[in-house]
Visitor: 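Handing you a structure now.
First the proteins, then the strands, lettered A, B, ... as listed; each starts at 1.
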Amino acid sequence: MGTFYLSTPIYYVNALPHIGHSYTTIVADAIARYRRLSGDKVFFLTGTDEHGQNILQTAEEKGISAQEQADDVVSHYYELWRDLGISHDDFVRTTEPRHHAGVADIVARIDAADDFYVGKHEGWYCPSCETFYTEKELGADKTCPDHGRPTEWKSEENIFFRLSKYQEPLLDWYRSSPGPVQPATRSNEVMRFVESGLRDLSVSRAGLPWGVPFPGHEGQTVYVWLDALTNYLSALGLGGAAGEAGLLEEYWLSGAGPRVHLVGKDILRFHAVYWPAFLLSAGLPLPTTVWAHGWWLRDQRKVSKSVGNIVQLEPLIDRFGSDPVRYFLLRDMVFGQDASFSDEAFVDRFNSDLANDLGNTVSRLVKLSRTAYDGKTPPEACGDNPIKSAAEEAVKGYREAMDGFAFHKALSHLWRLLSEVNQYLVAREPWKSIGAGNTDSSVSRVLWNGLEGVRIVATGLLPVMPQVAQEVLAAVGTTDVPSDLSALEWGRTPLSVPLPESPQLFPRVDKKVFFSTEPDSAAVAKQQKNVGEEEMTDEITIDKFFETQLKVGTVTAAAAIPKAKKLLKIAVDLGEDEDRQLVAGVAEHYDPEDLVGKQIVVVANLKPVKLMGVESRGMMLAGSADGRPILIHPDSAVPPGTPVK
RNA sequence: GGCGGUGUAGCUCAGGUGGUUAGAGCGAGCGGCUCAUAACCGCUAGGUCAGGGGUUCAAGUCCCUUCACCGCCA
């Protein structure tokens with residue numbers, strides 16, 4: 001029994017969450033739930049990174065403030081984490097005052113160690129990625145290697161951090177046992193990188209209005225990583241009124257319990273080099289583990305916004321519930337490696353593991369037991385049998401795997417036990433005795449053993465599928481949710497208690513039907529691949545297109561929105577009971593009075609959003625020429641509400 | 001280019017320090033059973049362990065090399 005600190009990265013609010021964010025957070029949640037059940041006092045932290053030029057720019061394009069942009073995206077995270085059953089203890093946002101206080105505090109500590117100095121930072125700068133590049137990294141015509149956009153020569157005074165000073169201390173840390181950077185192959189990469197020599201790091205930007213002002217340096221803003229990484233401690237109260245007492249002392253400064261950062265492999269360097277260097281300088285304890293996991297791939301490519309092969313989990317969550325999605329992600333990825341995602345792999349996993357193995361085993365046991373014992377669990381238990389030894393072995397393997405973050409292994413141990421239960425039932429054939437009217441103690445023991453095996457599996461599933469695990473437990477006669485893992489011990493299925501009629505926990509999915517109504521996006525992408533790499537992400541099916549409802553509407557009113565440069569509030573007659581209110585970013589090019597009476601084309605089924613506090617329930621279509629909107633009109637007047645296709 | 005990794009049955013992957021007929025799950029085929037969600041149980045899979053060379057009594061497992069893919073190199 002101890003403390004356990006666990007963090008996900010904080011996610012950038014420039015775009016909506018995708019499978020990568022969900023995966024990291026689900027993994028963290030499973031670990032957090034497992035540690036809590038193991039008796040640890042857990043602090044599980046997630047949050048959002050809300051500063052930087054990109055946020056500002058995205059907000060500007062939408063005609064909203066940076067804070068509104070952040071608030072909007074954060075609301076999606078809140079919703080998704082709720083839908084996925086994430087049990088975080090805190091959610092930190094870098095725009096919060098407590099985070100600013102934390103950043104100020106760590107800056108003061110590093111400053112006290114004399115690890116900052118003012119220097120000149122210059123090079124070819126890409127505004128999109130906010131990064132300086134060296135000459136040889138640039139593409140043709142000095143374009144950004146990432147975005148292909150032109151870079152500009154930029155030279156500014158920045159504050160530098162003496163990263164080079166920490167080369168040896170960092171190497172000592174990596175070599176300490178057990179290795180703090182996991183898995184081992186990542187640790188090697190990081191060590192080679194550090195061995196090759198560390199350059200000092202620019203940790204401020206001049207004239208960046210959206211961020212934490214650099215204390216003591218007018219006009220400088222704390223640069224992204226020093227700002228963002230500090231969330232791990234600002235959430236515990238670093239720089240706060242409570243000083244170093246409370247959470248910060250308990251989970252971090254005392255150095256007592258594990259301090260684990262879960263990260264994607266793309267941001268490993270920041271967590272395994274910069275962050276520990278900052279902490280060394282600040283005189284604060286280092287994390288005990290930085291765990292870099294792999295990526296979900298689709299068509300052999302990383303799932304990302306820029307590639308356009310985003311995997312959205314929401315449709316699967318809507319259709320199957322969050323727990324099967326959690327199960328799939330944890331079962332199908334070898335933690336640490338990459339894995340490929342496909343709807344078909346999900347459905348296969350669902351049918352074979354959840355429907356056939358787990359669901360069906362529950363059904364058959366419950367039915368047999370209810371039939372033999374008048375709707376109750378069996379009256380007699382059994383202390384020594386093949387299922388008991390199989391369960392003990394499974395629990396041992398499960399615990400070892402969970403302790404080592406090997407979720408796929410932990411789950412396969414549980415499924416091995418389910419398989420033993422099924423084999424056992426076939427060997428004993430209790431239905432024959434029951435059919436013959438025999439429900440003596442041997443039948444009771446057989447059924448009780450089966451139920452007990454399933455109960456143990458369900459208990460082990462609590463961290464992975466919290467909701468489903470409880471349903472399974474209830475289905476096999478255990479209505480009290482176990483509060484700790486002692487429930488993995490043999491022998492707790494109660495005797496002769498009412499057993500509810502077996503619910504269909506995981507109705508089998510007919511793949512033919514499923515894929516005829518819901519086309520496998522991986523298969524679609526594959527077809528498109530034949531057309532050519534470049535076009536792959538540009539083409540959509542006609543079905544996809546018709547998901548967008550376009551209608552012609554007549555503008556009935558238009559007015560400027562106070563304090564908004566680009567926005568107009570517009571009322572449109574779409575042939576509905578009342579006019580639709582839209583907010584459109586056309587104020588710089590259209591006067592409100594010119595719009596009234598005009599017919600426009602509107603996306604009618606767009607999710608409503610609030611812009612500058614005004615609700616917008618749709619979007620009007622416009623061509624975009626050099627950023628200037630040109631409204632689209634029908635060729636001749638049509639009734640309001642006329643569909644466009 | 002430098003450093004590191006991967007390539008094993010249709011698919012996803014296991015295979016410490018070299019040693020009997022190379023394994024698991026899924027899928028497929030055949031058989032059984034009928035309590036159960038067309039489920040469950042059993043059997044079957046003839047895989048040049050990417051290619052080539054070498055060390056050894058013996059190599060998927062060590063060495064060299066070729067090929068393909070991937071990661072890190074601010």
Visitor: Is a donor on one side and an acceptor on the other found under 3.5 Å between the side chain of Y12(A) and the backbone of H51(A)?
Guide: yes
Visitor: Would you measure the distance from the C1' atom in G46(B) across to the matching atom in C57(B) and give it in whole Å?
Guide: 28 Å
Visitor: Starting at CG of N422(A) and ending at C1' of G25(B), how long is that distance when rounded to a whole Å?
Guide: 15 Å
Visitor: Give me the ring orientation class for F320(A) and F514(A): parallel if the planes are under 30° apart, tilted from 30 to 60°, perpendicular past 60°.
Guide: tilted
Visitor: Please answer whether the main-chain N or O of P386(A) pairs with a side-chain N or O of E420(A) as donor and acceptor at a distance below 3.5 Å.
Guide: no
Visitor: Quickly work out the R186(A) CZ to C73(B) P distance and round it to whole Å.
Guide: 11 Å
Visitor: Which part of the nucleic acid, if any, lies within reach of L425(A) when heavy atoms closer than 4.0 Å are counted: base, sugar-phosphate only, or nothing?
Guide: nothing
Visitor: Could I get the full list of salt bridge (charged side-chain N to carboxylate O under 4.0 Å, His left out) partners for D338(A), not counting sequence neighbours?
Guide: K265(A)
Visitor: What's the closest nucleotide to the S419(A) side chain, out of C73(B), U37(B), C41(B)?
Guide: C41(B)
Visitor: Can you list everything that forms a side chain to side chain donor-acceptor pair (under 3.5 Å) with E195(A)? Sequence neighbours excluded, please.
Guide: R192(A)
Visitor: Would you kindly give the CG-to-P distance between D353(A) and A24(B), to the nearest whole Å?
Guide: 17 Å
Visitor: Pairing check on G29(B): which nucleotide meets the Watson-Crick or G-U wobble criteria with it, both distances under 3.5 Å?
Guide: C43(B)
Visitor: Do any of residues 357-370 of chain A sit with a heavy atom less than 4.0 Å from RNA chain B, and if so which?
Guide: D357(A), G359(A), N360(A), S363(A), R364(A), K367(A), L368(A)
Visitor: Pairs under 3.5 angstrom, nitrogen or oxygen only, protein versus nucleotides 11-16 of chain B, please.
Guide:
residue, atom, partner, partner atom, Å
A14(B), OP1, Q337(A), NE2, 3.3

Visitor: Give a yes or no answer on whether the side chain of N351(A) reaches the backbone of V509(A) with a donor-acceptor pair at less than 3.5 Å.
Guide: yes
Visitor: Would you mind classifying the nucleic acid contact of G450(A) as base, sugar-phosphate or nothing, using non-hydrogen atoms under 4.0 angstrom?
Guide: nothing
Visitor: Kindly say whether I159(A) contributes a backbone atom to a donor-acceptor pair with the side chain of S204(A) at under 3.5 angstrom?
Guide: yes
Visitor: Sticking with atom C1', work out how far C26(B) lies from U65(B), rounded to a whole angstrom.
Guide: 37 Å
Visitor: Using a 3.5 Å distance criterion without hydrogens, assess whether the side chain of D49(A) forms a donor-acceptor pair with backbone atoms of A228(A).
Guide: no
Visitor: Between A68(B) and G10(B), how far is it from one P atom to the other, in whole Å?
Guide: 23 Å
Visitor: Taking NE2 from H293(A) and P from G71(B), how many angstroms apart are they, rounded to a whole number?
Guide: 15 Å
Visitor: Taking a pair as Watson-Crick or G-U wobble with both distances under 3.5 Å, which nucleotide is matched to A38(B)?
Guide: none
Visitor: Tell me which of E189(A) and F506(A) sits closer to the 5' end of RNA chain B, going by the nucleotide each one is nearest to.
Guide: F506(A)
Visitor: Among the candidates A74(B), C3(B), C40(B), find the nucleotide nearest to the side-chain atoms of R192(A).
Guide: C3(B)
Visitor: Describe, in one word, how the ring planes of Y11(A) and H21(A) are oriented to each other, choosing from parallel (under 30°), tilted (30 to 60°) and perpendicular (over 60°).
Guide: perpendicular
Visitor: Students often get this wrong, so: under 4.0 angstrom with heavy atoms, is N188(A) touching a base, only sugar-phosphate, or nothing?
Guide: nothing
Visitor: Measure from the side-chain heavy atoms of Q423(A) and tell me the nearest of U37(B), U34(B), G42(B).
Guide: G42(B)
Visitor: Determine which nucleotide pairs with A68(B), using a 3.5 Å limit on both distances of a Watson-Crick or G-U wobble pair.
Guide: U6(B)
Visitor: State the pairing partner of U61(B); accept Watson-Crick or G-U wobble contacts with both distances under 3.5 Å, and report none otherwise.
Guide: none
Visitor: Using the P atoms only, state how far A14(B) lies from A50(B), rounded to an integer number of Å.
Guide: 14 Å
Visitor: Measure from CD on E501(A) to P on U37(B) and round the result to the nearest Å.
Guide: 11 Å
Visitor: P atom, U44(B) versus C49(B): distance in rounded Å?
Guide: 23 Å
Visitor: Just to confirm, is there a sub-4.0 Å distance from OP1 or OP2 of C40(B) to any side-chain nitrogen or oxygen of N356(A)?
Guide: yes
Visitor: With a cut-off of less than 4.0 Å, is there a side-chain N or O of R416(A) near OP1 or OP2 of G25(B)?
Guide: no
Visitor: What integer number of Å spans the C1' atoms of U17(B) and G60(B)?
Guide: 16 Å
Visitor: Paired with C49(B): which nucleotide, if any, by Watson-Crick or G-U wobble criteria at under 3.5 Å for both distances?
Guide: none
Visitor: Where the side chain of R269(A) is concerned, which of A74(B), C33(B), C41(B) is the nearest nucleotide?
Guide: A74(B)
Visitor: Which comes earlier along RNA chain B counting from the 5' end, the contact point of K265(A) or that of D200(A), where each point is its nearest nucleotide?
Guide: K265(A)
Visitor: Applying a 4.0 Å non-hydrogen cut-off, can you work out what Q504(A) is touching in the nucleic acid: base, sugar-phosphate, or nothing?
Guide: base
Visitor: Contact list please: residues 389-406 of chain A against RNA chain B, heavy atoms, distance less than 4.0 Å, in numerical order.
Guide: none
Visitor: Going by purine N1 to pyrimidine N3 plus the second Watson-Crick contact, or the G-U wobble pair, all under 3.5 Å, which nucleotide sits opposite A22(B)?
Guide: none
Visitor: Measuring only the P atom in each nucleotide, how far is U12(B) from G7(B)? A whole number of Å is fine.
Guide: 12 Å
Visitor: Using whole Å, what does the distance between atom C1' of nucleotide G42(B) and atom CD of E429(A) come to?
Guide: 13 Å
Visitor: In whole angstrom, what separates L418(A)'s CG from U37(B)'s P?
Guide: 17 Å
Visitor: By salt bridge (charged side-chain N to carboxylate O under 4.0 Å, His left out), which residues pair with R445(A), not counting sequence neighbours?
Guide: E380(A)
Visitor: Scan every strand shown for a Watson-Crick or G-U wobble partner of U56(B), both distances under 3.5 Å, and answer none if you come up empty.
Guide: none
Visitor: Please check this pair: side chain of T24(A) against backbone of G20(A), looking for a donor-acceptor N/O pair closer than 3.5 Å.
Guide: yes
Visitor: Could you label the plane-to-plane angle of the F405(A) and F407(A) rings as parallel, tilted or perpendicular, counting under 30° as parallel and over 60° as perpendicular?
Guide: parallel
Visitor: Give the nucleotide from the list A74(B), C40(B), U37(B) with an atom nearest to the side chain of V426(A).
Guide: C40(B)
Visitor: Using atom C1' of each nucleotide, how far apart are C69(B) and A22(B) to the nearest Å?
Guide: 24 Å
Visitor: What pair of heavy atoms forms the shortest contact from I10(A) to Y232(A), and how long is it?
Guide: N-OH, 4.3 Å
Visitor: Do the charged groups of K388(A) and E452(A) touch, with an N to O distance under 4.0 Å?
Guide: no
Visitor: To the nearest angstrom, how far is W415(A) atom CH2 from C26(B) atom C1'?
Guide: 15 Å
Visitor: Begin from the C-alpha positions of E400(A) and K396(A) and carry the test salt bridge (Lys or Arg N to Asp or Glu O under 4.0 Å) through to its verdict.
Guide: CA-CA 6 Å; E400(A) 279 172 13; K396(A) 185 166 172 279; 3.7 Å; yes
